[in-house]
Amino acid sequence: MTTSTLALTKVRNIGIMAHIDAGKTTTAERILFFTGVSHRIGEVHDGNTALDYTKQERDRGITITSAATTCHWAVNGAEHTINLIDTPGHVDFTIEVERCLRVLDGAVAVFDGVAGVEPQSETVWRQADRYGVPRICFVNKLDRAGADFLRCVDMIRERLGAVPLVTQLPIGAEAGFAGVVDLVSGRAHVWSDDRYAVTDVPSGMAEDVRRWRAALVETVAEHDEEVMELYLGGAEPSQEQLHAAIRRLTVASAVTPVLCGSAFKNKGVQPLLDAVVRYLPSPLDVADVRDDAPLAALAFKIMSERHLGRLTFVRIYSGRLESGAPVLNSVKSRKERIGKIYRIHADTREEIESAGAGDIVAVMGLKQTTTGETLCDDAHPVILESMDFPAPVIEVAIEPRSKGDMEKLSVAIQRLSEEDPSFQVHDENGQTVIGGMGELHLEILIDRMKEEFRVEANVGRPRVAYRETVRSAVERVDVTHRKQTGGKGQFAKVQISLEPIEDGYEFVNRVTGGRIPKEFIPSVDAGCQEAMQTGVLAGHEMTGVRVTLLDGDFHPIDSSELAFKIAGSLAFREAVRRASPVLLEPVMTVEVTTPEEYLGSVIGDLNARRGRIEGTGERAGAWIVQALVPLSEMFGYVGHLRGMTSGRGVFTMQFAAYAEVPAQVAEKIIAAG
Ligand code: GDP
């Protein structure tokens, strides 16, 4: 066991972001291999890689769980620690991507050298922009037929609005792709198997290398004063000066270095690691982190695996995390105790006694803490910026086969919702309904319930999570709840007003002079909240309502909390009926990419799905259609689009907003519901 004190300048907390299939997993896996953590190269298509370890991921060949893996890489003899945070690639899991972006300091964006910048790469890129994450780009798959490095660089400039800084040129192309020329050092790296030799630039490339190196120096000079002065004085910057300037510009997100290779063929990964160390920020570059300040750490991922137990991944922003020490979960106001602390490698874990600011580690022993919560020093409570979770737009009913399955289901729900706060559960007429962010998201949750927790259950068809709201205000509703059935009776009188608000629920108390005793007021609130759960139109959860309790009356003997709760609930429902209730549905931002010949049918079809076309444009020979489409119209779209475009159309979809269902459609939903 070691006390882990890292020199923070030598730490890189990074993620890899990419469109699905661009090669994120392969690149991550090669990084772990070349840093010596993993001893054998697993191939994705064998379903055997170091980072993708849960069964669902293997079955689907996609990455859904983000784990932080620690590895080491030396540049110029100085060893650096790289914490690699695995970010998921599928749109359904953008919440996981956001969660990762929140805790990493820099990222490698991997692109498919054939497909270039795909619509979903843009989505992820914009998220990284939002969180101000400095990036370097890795144009992968240069061994494939049709790969084009420079076209990809153009796409990075045009589609992503970045300033690409070409720091390498590929040697050879497609099957003849052999290595890269590093434009800073002017040396070639040529691979055979997984090793490379550093050689002179191949003779045929001298002119290209001269031109691209000049372009590199010019771009750096444009953005960096130090290099600008050298440039104007006619002096050539040294390698060290260039490295330092590129680092400054990358950290400031002024430029994005672009590298290339083929992860699959083991080409270009070592220089990529050099670039991670050279150009991406250390925790110190991003914020003022201090070990001697009080503890503040963010739990960003919970993983509960049956034989490993519950691990909480935390990013420490200040202070030290000590094994055995008490900490405060400031979000829940609960005390917790840190158990063992681990650094997780691809296939082992290393126990450490403590970890300091800027570090990312896994902790055992936390019982109450869930994703997005802050752990801090009891005497210095802080809440680090919490994360927003998008609405669960799709839901499915689960019916356990037996009483035993029912119990297993509740354990599974408890554990899975700790790991993934974007998944929600509610009860609907005695039935368990789980909600998530997409069909695939739900499918994976259900698979895990069945496989990891051995729940046997009938699963309904996925359906849209409708909501209900009100469109007009109601000034006064009076309700008297009175019951006289021998013994003690029930009496409560309330008067409320109700009005639409943006979203959620608000309760305002305006009762004066003790006309309702203080202790009963929370009961009225509770009654309204309970009534919010089942709207008056089709029983969907309500949103966007403010209730004001204006007045009321009570009876010294017959009034009770229960009586006021019932009165509140009845008044709420009556007020909603009079407040022009409407049905809301989730509307998605859909982006379809299609060859021109199918453009007309794609647009016509989206219109038929109640879609609103927001824009069309051409990109590198393909057409992009952007539209807002109700989620209920998008079931089975994958197959339909494929059929319509001879398999060439692709699309991405993300939640945009809840919107009112048109009256005619609403009638049908209400009749069916
Ligand atoms: P991810 O979805 O971004 O994690 O992508 P994967 O790493 O799973 O790769 C998707 C597919 O592309 C797999 O079949 C890989 O073997 C393949 N692949 C990844 N990198 C390369 C590469 O550099 N060259 C070639 N030819 N195939 C690659």
Side-chain angles (χ1 to χ4, degrees), residues 14-34 38 40-67 69 84-94 96-97 100 107-125 127-128 135-149 152 168 170-180 189 191 193-194 196 258-273 346 440 444 650 652:
I14 63 153
I16 301 182
M17 38 186 257
H19 187 286
I20 191 146
D21 265 2
K24 178 167 58 78
T25 311
T26 310
T27 307
E29 207 275 329
R30 294 316 196 257
I31 286 176
L32 296 181
F33 175 76
F34 287 115
S38 175
R40 116 195 93 72
I41 300 185
E43 300 302 349
V44 176
H45 50 244
D46 296 337
N48 180 11
T49 62
L51 268 192
D52 272 359
Y53 43 78
T54 70
K55 184 173 181 307
Q56 285 69 32
E57 290 171 35
R58 283 189 205 160
D59 289 353
R60 281 162 225 273
I62 59 166
T63 314
I64 54 165
T65 309
S66 57
T69 313
L84 185 61
I85 298 142
D86 190 27
T87 59
H90 194 276
V91 262
D92 265 12
F93 303 103
T94 45
E96 292 234 13
V97 179
C100 296
V108 175
V110 175
F111 298 94
D112 179 331
V114 180
V117 176
E118 294 161 274
Q120 201 203 318
S121 332
E122 287 186 54
T123 312
V124 187
W125 189 272
Q127 280 172 323
R135 274 146 277 176
I136 57 184
C137 296
F138 182 65
V139 178
N140 188 33
K141 301 200 185 185
L142 288 192
D143 61 299
R144 280 188 54 198
D148 188 336
F149 175 62
C152 206
Q168 291 180 339
I171 301 171
E174 304 183 346
F177 175 64
V180 299
H189 296 61
W191 274 262
D193 291 332
D194 52 17
Y196 65 92
V258 186
L259 291 86
C260 61
S262 162
F264 183 66
K265 300 272 166 144
N266 300 315
K267 294 184 175 120
V269 178
Q270 297 96 330
L272 175 64
L273 281 160
L440 184 61
I444 286 170
V650 291
T652 63

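Ligands are counted one by one from 1 in listed order, and the atoms in each one are counted from 1 as well.
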Atom indices of ligand 1 within 4.0 angstrom of Lys24 heavy atoms, with elements: 1 (P), 3 (O), 4 (O), 5 (O), 7 (O)

Do Val108 and Leu272 make a side-chain contact, defined as non-hydrogen atoms from C-beta onward lying under 4.5 Å apart? yes

Taking the side chain as C-beta and beyond, is there a heavy-atom pair between His189 and Lys267 under 4.5 Å? no

Looking at side-chain heavy atoms only, is the closest gap between Val117 and His19 below 4.5 Å? no

With only distance considered, is Leu142 within less than 3.5 Å of ligand 1 through an N or O on each side? no

Under 4.0 Å from a heavy atom of Ala263: which atoms of ligand 1 are those, numbered in the order shown and with their elements? 23 (O)

So if I count the atoms of ligand 1 from 1 in the order they appear, which ones are less than 4.0 Å from some heavy atom of Ser262? 22 (C), 23 (O), 24 (N)

Quick one: are Thr69 and Leu32 in side-chain contact, heavy atoms under 4.5 Å? yes

Report yes or no: does His19 have a heavy atom closer than 4.0 Å to ligand 1? yes

Are Lys141 and Phe111 close enough that some pair of their side-chain heavy atoms sits under 4.5 Å apart? no

Counting from 1, what ligand 1 atoms have a heavy atom of Thr25 closer than 4.0 Å? 1 (P), 4 (O), 7 (O), 8 (O)

Only heavy atoms of Arg144, strictly under 4.0 Å: list the atoms of ligand 1 that pass. 25 (C), 26 (N)

Under 3.5 Å between any N/O of Gly261 and any N/O of ligand 1: does that happen in this structure? no

Heavy-atom proximity to atom 23 (O) of ligand 1 ranks first, among Asp21, Asn140, Thr26, for Asn140

Any side-chain to backbone donor/acceptor pair from Gln168 onto Val258? Under 3.5 Å, distance only. no

Which of the listed options, Thr27, Asp143, Val269, holds the heavy atom that is closest to atom 26 (N) of ligand 1? Asp143

Applying a strict 4.0 Å limit to heavy atoms, is Lys265 in contact with ligand 1? no

Beyond-backbone contact of Gln270 with Trp191, side-chain heavy atoms, under 4.5 angstrom: yes

Do Leu259 and Val139 make a side-chain contact, defined as non-hydrogen atoms from C-beta onward lying under 4.5 Å apart? no

